[in-house]
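Written out below as structure tokens is the structure these notes cover.
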Amino acid sequence: MTITDGMKTTDGMTPPEGITLTDEDCLAETLAFNKEFEATAAGRPARERTPDATALATLRRNRLGGDAPPVRLLQGRDRVVADGVRIRAFVPDRVDGVYLHLHGGGWVFGSADGQDERLWRLAEQARLAVVSVEYRLAPEHPFPAGPDDCEAAARWLVDHAAAEFGTQRLLIGGESAGAHLSVVTLLRLRDRYGITGAFRAAHLLFGSYDLSMTPSQRLFGSKRLLSNTGTLRRTYELFTPGMGAERRRDPGVSPLFADLAGLPPARIVVGTEDPLLDDSLFLARRWQATGAPVQLGVVAGAMHGFTLFPLTVTEREQRRERDFLSTAGR
């Protein structure tokens with residue numbers, strides 16, 4: 001396993017054994033931002049366990065982690081592909097590959113047009129056609145609706161990427177719930193259709209891979225960062241209603257329990273102040289055990305969803321993402 005940009009740990013920030021932190025030189029800035037975020041969140045009313053339709057519509061309209069609608073760029077093109085699945089595509093002048101992007105938002109929030117500026121910048125800098133999936137959201141469309149849509153979009157790319165974009169170099173990835181959906185999609189392609197190797201790399205940011213809850217999820221507590229033990233429990237209830245912990249351990253729901261053989265090289269990233277820390281550490285170990293190359297980045301002090309915010313570690317992570325996706329699978 002490759003640990004990217006490793007540095008020595010600092011007092012009070014000891015990582016799990018064998019894991020080296022990145023970005024410790026930014027630790028003071030990162031922790032100060034976390035403290036400010038937590039103080040601001042403490043002044044807001046707690047979200048309802050199941051938001052009503054009005055609250056849900058407002059939360060979905062606004063940018064993840066913010067209070068204003070995201071910017072929609074003219075470079076984004078909306079279309080409908082296989083099985084009626086909607087996608088939003090960003091196609092630069094030069095295309096050396098296609099990145100299937102699955103957005104985050106706890107399977108309840110987020111949208112294909114929620115990160116236009118970031119995705120267009122990635123498309124231009126990495127020379128990728130970026131295809132973001134507008135998968136169906138819970139609670140209106142619980143499991144398996146979202147995974148079904150992501151699977152359909154992936155199969156469409158396998159069949160049509162060469163004709164549509166002039167390349168068969170496919171990559172997949174996403175953030176949070178989107179990272180979970182990325183792994184689920186790769187497993188479905190392998191197990192349902194015998195498709196392996198079509199997607200040449202996976203880029204997985206702070207994903208949830210065990211919906212029955214890893215130790216770090218259960219022990220994180222109520223700290224008012226972007227995600228905590230309570231918010232995770234609520235999103236799992238909305239995404240997989242009626243399932244208990246045992247059913248959520250099914251490999252089709254929680255990919256940490258799946259056979260990972262045949263999956264492509266991966267880059268897995270998480271922060272030390274993320275309740276999903278264990279998910280990434282455990283998945284990286286299991287992925288590596290199959291023989292596939294794995295890069296693991298553990299960002300000192302970073303909370304869940306840190307790339308949504310204007311931080312030095314965000315700039316660095318976006319550069320690393322670009323570099324990985326520019327070169328992976330060539």
Side-chain angles (χ1 to χ4, degrees), residues 7 9-16 21-52 54-71 103-110 114-115 117-118 175-179 205-208 213-238 269-280 297-318:
M7 301 178 184
T9 60
T10 58
D11 292 342
M13 291 300 299
T14 303
L21 301 183
T22 74
D23 306 297
E24 286 194 282
D25 58 320
C26 302
L27 183 58
E29 176 196 345
T30 306
L31 293 179
F33 179 83
N34 293 356
K35 185 175 181 180
E36 180 183 356
F37 185 97
E38 190 174 6
T40 301
R44 297 172 181 161
R47 290 182 182 176
E48 297 294 328
R49 195 170 190 85
T50 303
D52 62 32
T54 301
L56 195 58
T58 300
L59 290 167
R60 286 177 176 171
R61 183 175 65 249
N62 290 347
R63 184 190 304 273
L64 286 174
D67 299 311
V71 175
H103 68 77
W107 308 276
V108 176
F109 308 111
Q115 300 181 66
E117 294 169 305
R118 185 181 79 82
E175 312 85 37
S176 193
L205 283 174
F206 37 78
S208 174
M213 304 192 79
T214 54
S216 65
Q217 293 188 47
R218 289 185 276 105
L219 297 173
F220 190 82
S222 59
K223 189 181 295 186
R224 293 291 293 273
L225 296 177
L226 193 65
S227 186
N228 60 33
T229 299
T231 60
L232 288 170
R233 284 202 177 104
R234 288 194 290 276
T235 57
Y236 296 160
E237 290 167 1
L238 293 173
V269 179
V270 70
T272 60
E273 290 297 305
D274 191 328
L276 298 173
L277 175 62
D278 281 350
D279 294 61
S280 286
V298 182
V299 182
M303 70 173 175
H304 187 73
F306 70 90
T307 55
L308 293 168
F309 305 102
L311 295 163
T312 301
V313 290
T314 298
E315 295 175 5
R316 291 181 179 182
E317 178 49 43
Q318 290 177 349

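Not measured: the values here are computed from a predicted model.
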Residues which pass side chain to side chain donor-acceptor pair (under 3.5 Å) with Thr235, listed by chain and number, not counting sequence neighbours: none
What I'd like to find out is whether the side chain of Val270 reaches to under 4.5 Å of the side chain of Asp279, using heavy atoms alone. no
Distance-only donor-acceptor pairs under 3.5 Å for side chains of residues 303-315, two or more places apart:
| unit_1 | atom_1 | unit_2 | atom_2 | d |
| --- | --- | --- | --- | --- |
| His304 | ND1 | Asp274 | OD1 | 3.3 |
| His304 | ND1 | Asp274 | OD2 | 2.9 |
| His304 | NE2 | Ser176 | OG | 2.9 |
| Thr312 | OG1 | Glu29 | OE1 | 2.7 |
| Thr312 | OG1 | Glu29 | OE2 | 3.4 |
| Thr314 | OG1 | Phe306 | O | 2.9 |
| Thr314 | OG1 | Phe309 | O | 2.7 |

So Val299 and Val269, side chain to side chain contact (heavy atoms under 4.5 Å, CB included) or not? Walk me through it. CA-CA 8 Å; Val299 182; Val269 179; 4.2 Å; yes
Indicate the atoms forming the closest heavy-atom contact of Phe206 with Glu175, along with that distance. CE1-CB, 3.7 Å
Taking side-chain contact (heavy atoms from CB on, under 4.5 Å) as the test, write out the residues that go with Lys223, two or more places apart. Glu38, Phe220, Leu225, Glu273
Between the CD atom in Glu237 and the CG atom in Leu232, the distance rounded to the nearest 0.5 Å is 11.0 Å
Should Val108 and Arg234 be marked as a side chain to side chain contact (heavy atoms under 4.5 Å, CB included) after you check the CA-CA gap, both sets of side-chain angles, and the distance that decides it? CA-CA 10 Å; Val108 176; Arg234 288 194 290 276; over 6 Å; no
Is there a donor in the side chain of Ser222 and an acceptor in the side chain of Asn228, or the other way round, less than 3.5 Å apart? no
List the steps, then state whether side chain to side chain contact (heavy atoms under 4.5 Å, CB included) holds for Trp107 with Ser208. CA-CA 11 Å; Trp107 308 276; Ser208 174; 4.1 Å; yes
If the threshold is 4.0 Å, N to carboxylate O, is there a salt bridge linking Arg316 and Asp25? yes
Drop me the distance from Thr231's OG1 to Arg224's CZ, to the nearest 0.5 angstrom. 9.5 Å
Test Val298 against Leu277 for side chain to side chain contact (heavy atoms under 4.5 Å, CB included), laying out the working first. CA-CA 8 Å; Val298 182; Leu277 175 62; 4.1 Å; yes
So which heavy atom on Ser216 is nearest to which on Leu276, and how close? OG-C, 4.0 Å
Write down the atom of Gly106, the atom of Ala177, and the distance for their closest heavy-atom approach. N-CB, 3.7 Å
Minimum heavy-atom distance between Thr30 and Gly301, given as atom pair plus value: CG2-O, 3.3 Å
Atom CD in Gln217, atom CG in Asp278: separation rounded to 0.5 Å? 8.0 Å
Evaluate the side-chain proximity of Met213 to Tyr236: yes if any heavy-atom separation is below 4.5 Å, no if none is. yes
Which atom of Ser280 lies closest to which atom of Gly207, heavy atoms considered: OG-N, 4.3 Å
